[in-house]
There are 2 protein chains.
Amino acid sequence: MERPYQLILDNVSRFIDLTKLEQQKYISLLTTVKVKRKAFLMQAGEIAKYEYFITKGCLKVYTLDEDGAPHISMFAVEDYWTGDLASFITKEPSRYFIKATEDSELLGVSRVNYDLLFQEIPKFERFYRMLYQRSLINYIRRSNHGISLTAEERYIEFKKKYPEIVNRITQKDLAGYIGITPEFMSKIISKVNRM
Amino acid sequence: MERPYQLILDNVSRFIDLTKLEQQKYISLLTTVKVKRKAFLMQAGEIAKYEYFITKGCLKVYTLDEDGAPHISMFAVEDYWTGDLASFITKEPSRYFIKATEDSELLGVSRVNYDLLFQEIPKFERFYRMLYQRSLINYIRRSNHGISLTAEERYIEFKKKYPEIVNRITQKDLAGYIGITPEFMSKIISKVNRM
DNA sequence: TAAAAGTCTTAAACTAGTTCATTTTTTTTC
DNA sequence: GAAAAAAAATGAACTAGTTTAAGACTTTTA
């Protein structure tokens, strides 16, 4: 089996067991997508047509505020799911941009195939129940942490939680994720390194 | 049918249809809980034994930081689900307190019954898939908003989004939710009212 | 491989939000 | 319904993080 399919099946198998036939059916519903570094997978104003699983590369998901300043909501690397769930589900225009920070390869599930999946392989209700349950736990933690920690503490937490991502992104993008200016990020890093 | 059961069945029926028999089975798995104003439904250090649906009243979910300052992660009123999902699922001790701010009545789903539910009525995989999907969309919005808006903007958003809750909670608790001090909350409110 | 573009650093002046202390107002309790 | 307790308001001194600007360093591109 090709590596990308193996990766996504391994991901799915963390929560549900699929028969060979179900695996084939699932794979038939996936679309392969490649994006070059700096290219957009999706732009604000569009309706999110896919949810993506990353098999190679790194992407950032962000919005621009009224002043045009970027706010990064997530970085996604191999074995991560990404997209704009709100837009994908509600079919309202997205406010997010998704841009590759490295040449990347993804598997996309279209909205039509997403609905079809639950009809054809009802087990996927469980898969998504578990996937969303886990994401929800992470987001609840994050939205409480975000509000109660200082920027320096959030930086230290990020480094501890995502050591493999820190080295793949710019300091500027990390600032956009932490919620501070690149200048202040620079100060924090030089301070933390001195400690 | 008693009002609390009618309320929870209405809530469930937004996402799935249950037969009369399934309704009865579901209700048999629920535990009725009453908490007086100022009493705790749950305290930090305990393992979350239930997920709760509120049929009457109002509760706040919060942690205490190292300095003992409260950070409120949600207010829950009639027709809301609450609890500590992370502790409920992982069975690790919770860091949250849940305290009633009014005399309240709830229906609890124990961890054992939660697992049983999926075996007995597999449709509930879909219900929770949809429920978590919707919560996730809200949390993603909130965790991005939290970081990019000023405290004043977050207050205005809260009032617009939860007008029915604003009048049921203290200004101090709202400050704990918005992520600022009660003193600064007071300033913001008098400023916003003057506008 | 040179030029251009983008990223990182540093520093000074500024602002949103905190802290601490005091008074007034509202709510709770007996 | 009086006393006690808690919440809200106000103000002055403080701090975490922003803004603006300029120079050094790195990466990208032709």
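Remember, predicted model here, so these are calculated numbers, not experimental data. Each chain gets a letter, A, B and so on, in the order the sequences are listed, and its residues count up from 1.
No more than 12 heavy atoms of other residues, nucleotides or ligands lie within 6.0 Å of CG in A:Asp17, so this atom counts as exposed by the packing criterion. Under a cut-off of 6.0 angstrom, the local environment of CZ in B:Arg3 is sparse, with at most 12 non-hydrogen atoms contributed by other residues, nucleotides or ligands. By the 6.0 Å contact criterion, CD on A:Glu2 is open, its count of non-hydrogen atoms from other residues, nucleotides or ligands being 12 or less.
Proximity of a side-chain donor or acceptor of A:Glu120 to a complementary backbone N or O of A:Leu117 within less than 3.5 Å is not detected. The backbone N or O of A:Thr19 lies less than 3.5 Å from a partner atom in the side chain of A:Glu22, making a donor-acceptor pair. Looking only at distances, no side-chain donor or acceptor of A:Glu105 sits under 3.5 Å from a matching main-chain atom of A:Thr32.
An angle of 70°, rounded to 10°, separates the two end axes of the helix from C:dT1-D:dA30 to C:dC30-D:dG1, each defined over five pairs.
One can place CD1 of A:Ile189 at 11 Å from C1' of C:dT9, the figure rounded to the nearest angstrom. The distance from atom NZ of A:Lys191 to atom P of C:dT9 is 16 Å, rounded to the nearest whole Å. Rounded to whole angstrom, the span from the CZ atom of A:Phe184 across to the P atom of C:dT10 amounts to 14 Å. One interatomic measurement links the two molecules: CD1 of A:Ile188 to P of C:dA11, which rounds to 17 Å at whole-angstrom precision. Going from atom CD of A:Gln171 over to atom C1' of C:dT9 covers 9 Å, rounded to whole Å. Atom-to-atom, NE2 of B:His71 to C1' of C:dT18 comes out at 13 Å; the value is rounded to the nearest Å.
Within a heavy-atom distance below 4.0 Å of DNA chain C, the residues of residues 175-183 of chain B found are B:Gly179, B:Ile180, B:Thr181, B:Glu183.
The ring-ring contact (aromatic ring centres under 6.0 Å, His included) test with A:Tyr114 singles out one residue from A:Tyr50, A:Tyr128, A:Tyr26, and that residue is A:Tyr128.
Residues A:Arg111 and A:Phe88 share a closest heavy-atom pair of NH1-O, 3.1 Å.
For the pair A:Lys60 and A:Tyr62, the cation-pi test (distance below 6.0 Å, angle within 45°) is passed. The cationic atom of A:Arg129 (NZ for Lys, CZ for Arg) lies less than 6.0 Å from the six-membered ring centre of B:Phe118 and within 45° of the ring axis.
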Base versus backbone protein contacts along nucleotides 22-30 of chain C [heavy-atom cut-off under 4.0 Å; B, S, -]: ------SS-
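Side-chain atoms of B:Gln6 and B:Asp10 include a donor-acceptor pair closer than 3.5 Å.
Chain B approaches DNA chain D within less than 4.0 angstrom (heavy atoms of the protein), and the contacting nucleotides run 5' to 3' from D:dA7 to D:dA12.
Residue pairs that meet the side-chain hydrogen bond (donor to acceptor under 3.5 Å, both in side chains) test with at least one member in residues 86-96 of chain A, sequence neighbours left out, are A:Asp84-A:Ser94, A:Tyr96-B:Asn144.
In this structure, A:Tyr139 has no ring-ring contact (aromatic ring centres under 6.0 Å, His included) partners at least two apart in sequence or on a different chain.
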